[in-house]
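In what follows, a structure is listed as structure tokens, so that the remarks can point back to it.
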Amino acid sequence: GENVEQHPSTLSVQEGDSAVIKCTYSDSASNYFPWYKQELGKRPQLIIDIRSNVGEKKDQRIAVTLNKTAKHFSLHITETQPEDSAVYFCALRGFQKLVFGTGTRLLVSP
Amino acid sequence: GAVVSQHPSWVICKSGTSVKIECRSLDFQATTMFWYRQFPKQSLMLMATSNEGSKATYEQGVEKDKFLINHASLTLSTLTVTSAHPEDSSFYICSARGRGGWNYEQFFGPGTRLTVL
């Protein structure tokens with residue numbers, strides 16, 4: 001099946017710094033790439049998504065870039081705040097199924 | 001966005017008993033529902049996909065006779081963990097996707113934490 005690798009598994013930054021999380025995949029048929037934020041014991045929350053016909057998308061402090069040729073996509077968070085601390089999952093969908101990456105635990109220190 | 005509810009939010013049961021978890025789409029018709037399992041500090045693993053009125057499609061390694069999924073209506077899907085054992089203890093999350101304008105986004109329920117003693 002589809003495999004999604006996500007790095008790093010843990011990321012610690014100081015408040016105000018930028019954070020970048022990267023995912024790579026193998027199935028070229030994948031056409032939808034969402035990113036989720038999950039707090040402990042809660043449901044995943046969609047924070048941004050991108051479709052295969054777009055290379056970059058931005059929403060305030062959050063941006064996602066997609067390189068279909070290289071089969072990787074990245075989440076960029078600028079001006080990080082302590083409330084950004086959570087686990088972030090990339091995901092992708094080819095045919096119907098949404099497959100998740102392994103997750104990145106982001107810690108933003110004040 | 002659309003709302004998906006899940007019930008119960010947590011359940012504790014004895015080994016060998018069965019547990020039913022309900023997933024409802026409250027303000028849209030969910031043509032497809034997904035069930036995920038998440039162990040502590042791990043990712044969400046897809047267990048099965050169900051389309052309304054059809055049998056569920058299970059992922060490799062998921063026992064369909066142990067995890068019974070029913071998607072009888074466009075707003076309700078149920079997951080029954082039969083003869084639960086301690087290794088089934090996990091966080092179970094459903095997700096739903098509708099037709100039309102929500103063709104891509106999946107909406108997640110709040111999850112059910114199952115503890116089997």
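As the structure is a computational prediction, the values presented were derived from the model and not from experiment. All chains are named by letter (A, B, ...) in the order of the sequence lines, taking the proteins before the strands, and each is independently numbered beginning at 1.
Enclosure of atom CD in A:E79 is not indicated, since only 12 or fewer non-hydrogen atoms of other residues, nucleotides or ligands lie within 6.0 angstrom. More than 12 heavy-atom neighbours from other residues, nucleotides or ligands sit within 6.0 angstrom of CD on A:Q81. Other residues, nucleotides and ligands contribute over 12 non-hydrogen atoms within 6.0 Å of the NZ atom of A:K68. Atom CD of A:E83 sits in a crowded spot, with more than 12 heavy atoms from other residues, nucleotides or ligands closer than 6.0 Å.
With a threshold of 4.5 angstrom between heavy atoms, A:Q38 approaches chain B through side-chain atoms but not through N, CA, C or O. In this structure, chain B has heavy atoms under 4.5 Å from both the backbone and the side chain of A:P44. The parts of B:L44 that come within reach of chain A are both its backbone and its side chain, each placing non-hydrogen atoms under 4.5 angstrom from that chain. Residue contact with chain A, scored on non-hydrogen atoms closer than 4.5 Å, involves the side chain of B:F91 exclusively. A:L98 touches chain B through backbone and side chain together, each having a heavy atom under 4.5 Å away. Residue B:T57: no heavy atom, backbone or side chain, is found under 4.5 Å from chain A. Both the backbone and the side chain of A:F100 come within less than 4.5 Å of a heavy atom of chain B.
Atom CZ of residue B:F34 and atom NZ of residue A:K97 lie 10.0 Å apart, to the nearest 0.5 angstrom. Atom OH in A:Y36 sits 5.5 Å away from atom CD in B:Q106 (nearest 0.5 Å).
Cluster annotation: B:F108 is connected to A:F89 through the hydrophobic network of ILVMFWY side chains, with a link wherever side-chain heavy atoms come within less than 4.5 Å. Residues B:F107 and B:M33 do not share a hydrophobic cluster, defined by chaining ILVMFWY side chains whose heavy atoms lie under 4.5 Å apart. Under the 4.5 Å side-chain heavy-atom criterion for ILVMFWY residues, a single connected hydrophobic cluster contains both A:I50 and A:Y88. Each of B:V3 and B:L74 belongs to its own hydrophobic cluster when Ile, Leu, Val, Met, Phe, Trp and Tyr are linked at side-chain heavy-atom distances under 4.5 angstrom. With hydrophobic clusters built from ILVMFWY side chains whose heavy atoms lie under 4.5 angstrom apart, A:I47 shares a cluster with A:L11.
Counting only residues at least two apart or in different chains, side-chain hydrogen bond (donor to acceptor under 3.5 Å, both in side chains) contacts with residues 81-92 of chain B comprise B:K66-B:D88.
A:R105 places a side-chain heavy atom less than 4.5 Å from the side chain of B:K41.
Distance alone, capped at 3.5 Å, places no donor-acceptor pair between the B:S43 side chain and the A:G103 backbone.
By number of non-hydrogen pairs under 4.5 angstrom with chain A, the leading residue of B:Q42, B:M45, B:E59 is B:E59.
Along residues 110-117 of chain B, the residues that come nearer than 4.5 angstrom to chain A, judged on non-hydrogen atoms, are B:P110, B:R113 in order of number.
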